[in-house]
Amino acid sequence: MAEAADFLGTSPSPARRLLRRAGALLAGAPLLAGLLQLPAASPAQAAGQDAVRTASGSGTVAVALDSLTPGAPSDGDTVTVAGTVTNNGKQSVTDAHVGLRLGPELETRSAIDAVARRTGFEPGADGDEVGGKYVQKFASLGPGAAQHFSISVPVDKLNLGGNGVYEFSVSLSGQTAAQPWEQVLGIQHTFLPWQSSDADTKTKTTFLWPLVAGVHMTAETGPGEQQTPVFLNDDLARDISPGGRLQQMLSLGKDLDVTWVIDPDLLASVDAMTRNYRVRDPKGGTPVPGTHQAVAKQWLSELQQAVAGKEVVALPFADPDLASLAHNGTSVTGSLSQLRDATDVAASTVETVLHVKPGTDFAWPVDGAVDPSIVKVATSAGADKVIARSDSLEENGGLTYTPSAARPIGGGTTAVVADERLSTAFEDDMTRAGSTTLAVQRFLAQSLEIDGQTSKQRSIVVAPQRMPTASQAQAMAQALTALQQSTWSQPQDLAAAAKAKPDPSAATRLPSTADYPSSLRKRELGRSAFAAIARTQDKVDNFKVILTDESRVVTPFGRAMNREMSVSWRGRDGEAESFRDGVEAYLDDLSQEVKLIDKSETKLSGRSATIPVTVQNNLVQGVDHLVLRLTSTNPTRLKIGGKAYSEQPVTVSGGHSQSVKFTTSANANGRVTVVAQLYTQDGQEYGDPVSFDVKVTEITATVMLVIGGGVLLLVLAGFRMYTQRKRAAAREDAEAAQDGPDEDDGRDAPDPEGGQDPDGEQDPGSGQNPEGPADRLEKKESDTRPREGDPEQASDPTPDTAAENADPSGTGEKVDR
């Protein structure tokens with residue numbers, strides 16, 4: 001019972017424990033009597049035993065256990081053990097052999113942990129060699145030399161007792177020149193689960209199979225209607241290619257009875273790769289076209305087949321860090337809204353890509369570590385089940401067995417508590433075959449020990465690390481395959497495990513926020529990260545209101561902000577900050593594509609005129625719901641639309657610019673600064689203002705007198721010309737009447753169209769001005785026609801500004817009058 005208190009939920013059943021103790025007493029009585037009759041050991045023998053213990057603990061020879069099959073044998077099976085022995089000492093080992101040792105049955109889960117930690121040989125505790133022909137001999141094993149071994153032994157030769165978990169070891173024995181007697185020079189401990197027939201009550205086991213990746217897509221898209229996505233790098237293509245991590249997870253998981261736990265962002269990213277996509281140039285150049293469309297299509301096709309008819313749980317989009325949000329983000333306005341958005345889009349993404357309906361009511365904090373604030377945040381987005389872990393929601397010592405996973409924790413929320421030992425069994429380096437074999441056998445041993453604790457059926461959940469490596473995935477699959485073929489376990493879906501009847505004595509009290517592991521807390525996203533996300537969201541909200549198709553901006557930036565909260569950024573503060581800055585900078589660049597064109601000084605000659613201001617839109621789509629305000633900084637001297645400022649609505653098609661004209665009136669000469677500013681319809685400033693000077697030049701009285709005098713002179717000159725013509729015509733008529741008809745051709749008569757009058761003055765209609773009255777009239781009429789370059793009138797229609805030069809106006813620009 002003391003052990004049960006130290007290692008909660010690990011004690012065997014009372015009946016089984018009593019039986020074992022009785023057997024141990026009966027077996028130990030003859031041995032005790034024999035020991036009492038033995039003479040004391042001689043000094044030489046004692047020295048030899050000390051040498052054996054010293055040598056066995058020195059690790060002279062390393063024993064690697066590369067395979068043990070079957071991992072959970074049944075009656076009639078033959079156990080085959082293969083591996084390698086390596087001499088790490090400086091002396092040759094002679095008369096060496098590898099043997100198998102069956103140790104005692106292990107009665108508790110903590111006893112299994114203790115054996116797994118041991119590295120040396122303990123006489124008596126590690127059992128005797130099976131011996132006989134079930135050994136492999138080596139004449140000599142030189143320094144640094146390695147030898148492979150393989151030993152097969154029928155199960156019935158191991159002399160196994162009742163069902164349970166047994167310590168099982170592989171040792172190398174031999175002697176050296178310094179210690180010329182047989183001794184154990186190296187040993188490797190593992191476990192042999194033994195369940196000869198189907199258990200009366202099988203444990204229901206749920207194994208989560210996570211398809212989760214880091215962030216790969218940016219908010220950036222290529223130009224054009226298709227919005228070609230841009231990836232940070234091509235790492236995702238490597239992961240889904242043959243031999244890659246995600247390809248291994250898929251190929252291994254499709255043959256297992258597991259619950260698929262999927263990040264929708266992974267699906268969206270791979271789906272984007274099936275079409276045109278681009279990858280950032282690591283040197284900062286233009287993104288290059290991606291080339292792995294075929295790989296992406298193949299991976300998605302295989303995944304669709306693998307999950308058909310299986311349970312699929314969708315995490316919120318991009319797998320947001322619930323603990324970071326709970327501890328550092330709730331004080332930032334809008335952070336919880338980001339989580340709700342990520343949850344809302346999860347189901348539709350999975351259904352669209354995989355054609356299955358996922359469960360979205362599970363939340364999975366990092367490593368299953370929970371506290372009240374994490375549970376509150378997790379359930380705020382709609383989840384009513386939280387996947388915790390037994391090292392976070394610990395038992396209080398009232399149970400002598402591992403309870404079922406489901407625990408009601410209040411507020412209609414269920415904590416699904418995964419078993420910590422089983423869930424962390426494959427977190428070490430699994431690239432070596434020996435590590436995999438040991439992890440698999442320990443996993444199977446812990447599972448069988450759980451089943452043997454009580455005759456009560458329970459539901460156990462295994463939640464491994466979020467992103468297993470390829471080798472870790474292979475070890476998981478190997479263990480799960482053996483477990484599903486075992487005689488003590490049966491698979492179960494996660495939803496069924498969550499609905500199972502909870503143990504009334506199981507722990508339901510959440511640890512306090514202060515008890516959250518410091519090792520996890522120091523890797524969380526800080527408050528500044530959530531403040532940056534909120535700032536980006538404000539900019540998106542201000543930008544989208546002017547767009548005719550806001551989904552082209554809201555969707556990519558919404559998903560990018562979900563990615564900024566991803567669990568995958570833990571411990572990568574610099575990379576996380578760089579990603580956030582990149583998203584915000586790209587949004588700023590897009591927003592600045594809608595802007596006012598700079599203007600230079602404008603001259604206003606007269607009391608009133610119109611001032612044009614140009615709005616340029618370099619986006620693919622049109623913009624609307626904008627208001628342009630033109631403000632005079634000195635309305636006493638210059639008014640805009642009869643007051644200090646005037647506003648006009650603005651609509652500009654994609655890739656075009658539009659000039660907006662404002663009527664102005666001047667009251668005095670001088671220079672006035674005018675400010676143009678765009679606003680959204682809700683009154684928020686949009687973009688940077690444009691300021692320019694207007695130079696007012698009013699027409700004075702002196703100028704009017706000069707102009708009036710000039711006009712009077714023109715009138716008088718015209719009148720004089722008219723009277724002179726009239727007198728000349730009268731003289732010609734009088735002379736014609738006096739002379740009468742003349743048969744001559746009139747060569748000596750004055751020319752009625754010209755020449756000199758009788759006073760000798762030049763006739764204004766003489767040959768020196770060849771144009772007649774009709775010609776002059778025609779010319780005057782033509783002079784009134786508009787010519788190219790004439791000033792445009794204020795009432796003229798606005799021209800098409802698609803081809804307008806967007807460069808700043810030239811110095812001394814004149815406005816329309």
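Residues A445 and I112 come closest through the heavy atom pair O-CD1, 3.7 Å. Scanning both residues, A314 and P358, for their nearest heavy atoms gives CB-CB, 3.8 Å. The two residues L483 and S486 make their nearest non-hydrogen contact at O-OG, 2.6 Å. Looking at every heavy atom in both residues, A475 comes nearest to M430 through CB-SD, 4.0 Å. Of all heavy-atom pairs spanning S92 and P143, the tightest one is OG-CD, 3.4 Å. In this structure, L520 and R570 approach most closely via the heavy-atom pair O-NH1, 2.9 Å.
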Margin query: As a quick check of understanding, evaluate side-chain contact (heavy atoms from CB on, under 4.5 Å) for Q248 and Q474, giving each step before the final call.
Written below: CA-CA 8 Å; Q248 287 285 299; Q474 292 167 357; 2.8 Å; yes
Next item on the list: Apply side-chain hydrogen bond (donor to acceptor under 3.5 Å, both in side chains) to T201 and Q457, showing your working.
Entry: CA-CA 6 Å; T201 303; Q457 188 174 55; over 6 Å; no
Margin query: Is there a side-chain contact (heavy atoms from CB on, under 4.5 Å) between L100 and V79? Walk through the geometry before answering.
Written below: CA-CA 11 Å; L100 306 179; V79 176; over 6 Å; no
Next item on the list: Test side-chain contact (heavy atoms from CB on, under 4.5 Å) on T190 and V81 and set out the steps.
Entry: CA-CA 11 Å; T190 187; V81 179; over 6 Å; no
Note to self: Quick one, T402 with R109, criterion side-chain hydrogen bond (donor to acceptor under 3.5 Å, both in side chains). Give me CA distance, side-chain angles, the key distance, then yes/no.
What the structure shows: CA-CA 10 Å; T402 302; R109 301 187 69 184; 3.1 Å; yes
Checklist line | Audit row: S489, T205, side-chain hydrogen bond (donor to acceptor under 3.5 Å, both in side chains) steps and yes/no | finding: CA-CA 7 Å; S489 177; T205 306; 2.9 Å; yes
Next item on the list: Decide side-chain contact (heavy atoms from CB on, under 4.5 Å) for L256 and T481; before the verdict, give the C-alpha distance in whole Å, the side-chain angles of both, and the deciding distance to 0.1 Å.
Entry: CA-CA 7 Å; L256 301 172; T481 299; 3.4 Å; yes
Notebook entry, point to check: Does the pair E449 and Q453 meet the rule for a side-chain hydrogen bond (donor to acceptor under 3.5 Å, both in side chains), with working shown?
Noted result: CA-CA 6 Å; E449 196 66 46; Q453 289 174 341; over 6 Å; no
Notebook entry, point to check: What do the steps show when you test K310 against D493 for salt bridge (charged side-chain N to carboxylate O under 4.0 Å, His left out), and what is the final call?
Noted result: CA-CA 9 Å; K310 301 290 184 65; D493 288 345; over 6 Å; no
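Looking at S423, its side chain does come within 3.5 Å of a backbone N or O of A463 through a donor-acceptor pair. The backbone N or O of L246 sits less than 3.5 Å from a side-chain atom of W299, completing a donor-acceptor pair. With hydrogens and angles disregarded, a donor-acceptor distance shorter than 3.5 Å links the side chain of S404 to the backbone of S459. A donor-acceptor contact shorter than 3.5 Å links the side chain of Q247 to the backbone of G243. Although no hydrogens or angles enter the test, the distance criterion places a donor-acceptor pair under 3.5 Å between the side chain of W209 and the main chain of M249. Between the T108 side chain and the A111 main chain, a donor and an acceptor come within less than 3.5 Å of each other. Side-chain atoms of T206 come within 3.5 Å of backbone atoms of Q492 as a donor-acceptor pair (strictly under, hydrogens ignored). Q147 places no side-chain N or O within 3.5 Å of a backbone atom of L141 that could act as its donor or acceptor partner. Listed for the Q136 side chain is a donor-acceptor partner under 3.5 Å among the backbone atoms of H148. Not one N or O on the side chain of Q465 forms a donor-acceptor pair closer than 3.5 Å with the backbone of T424.
Rounding to the nearest 0.5 Å gives a distance of 7.0 Å between OG1 of T119 and NE2 of H189. Atoms CG and CZ, on L422 and R442 in that order, are 10.5 Å from each other to the nearest 0.5 Å. With rounding to the nearest 0.5 Å, the separation of CH2 in W194 from OG1 in T487 is 9.0 Å. One finds the CG atom of L172 at 8.5 Å from the CG atom of N87 (value rounded to the nearest 0.5 Å). Rounding to the nearest 0.5 Å places OG1 of T469 at 8.5 Å from CZ of R245. Between atom CD of residue E420 and atom OG of residue S392 there is a gap of 11.0 Å, rounded to the nearest 0.5 Å.
S74 places none of its side-chain heavy atoms less than 4.5 Å from the side chain of S196. Side-chain contact between W488 and I450 is absent, with no heavy-atom pair separated by less than 4.5 Å. With contacts defined as side-chain heavy-atom distances shorter than 4.5 Å, the pair D503/K456 qualifies. Side-chain contact between F191 and L444 is absent, with no heavy-atom pair separated by less than 4.5 Å. A 4.5 Å side-chain heavy-atom check between V270 and L303 finds every atom pair outside the cut-off. Here the side chains of R421 and D113 are in contact, with some heavy-atom distance below 4.5 Å. Taking the side chain as every heavy atom from C-beta outward, D319 and M467 never approach each other to under 4.5 Å. Side-chain contact between P180 and Q175 is present, with heavy atoms from C-beta onward closer than 4.5 Å.
More than 12 heavy atoms of other shown residues, nucleotides or ligands fall within 6.0 angstrom of atom CZ in R118. Heavy-atom contacts from other residues, nucleotides or ligands closer than 6.0 Å to CG of D429 number more than 12. Shown here is D128, whose CG atom has no more than 12 heavy atoms of other residues, nucleotides or ligands within 6.0 Å.
For the residue pair S67 and T69, no side-chain donor N or O sits within less than 3.5 Å of a side-chain acceptor on the partner. For the 3.5 Å distance criterion, the side chains of Q478 and T436 fail to qualify, holding no donor opposite an acceptor.
Taking a cutoff of 4.0 Å between a charged side-chain nitrogen and a carboxylate oxygen, D95 and K137 do not qualify as a salt bridge.
With sequence neighbours excluded, no residue satisfies salt bridge (Lys or Arg N to Asp or Glu O under 4.0 Å) with R458.
Within the structure, ring-ring contact (aromatic ring centres under 6.0 Å, His included) pairs that include any residue of residues 420-477 comprise F426-F443 (at least two apart or interchain).
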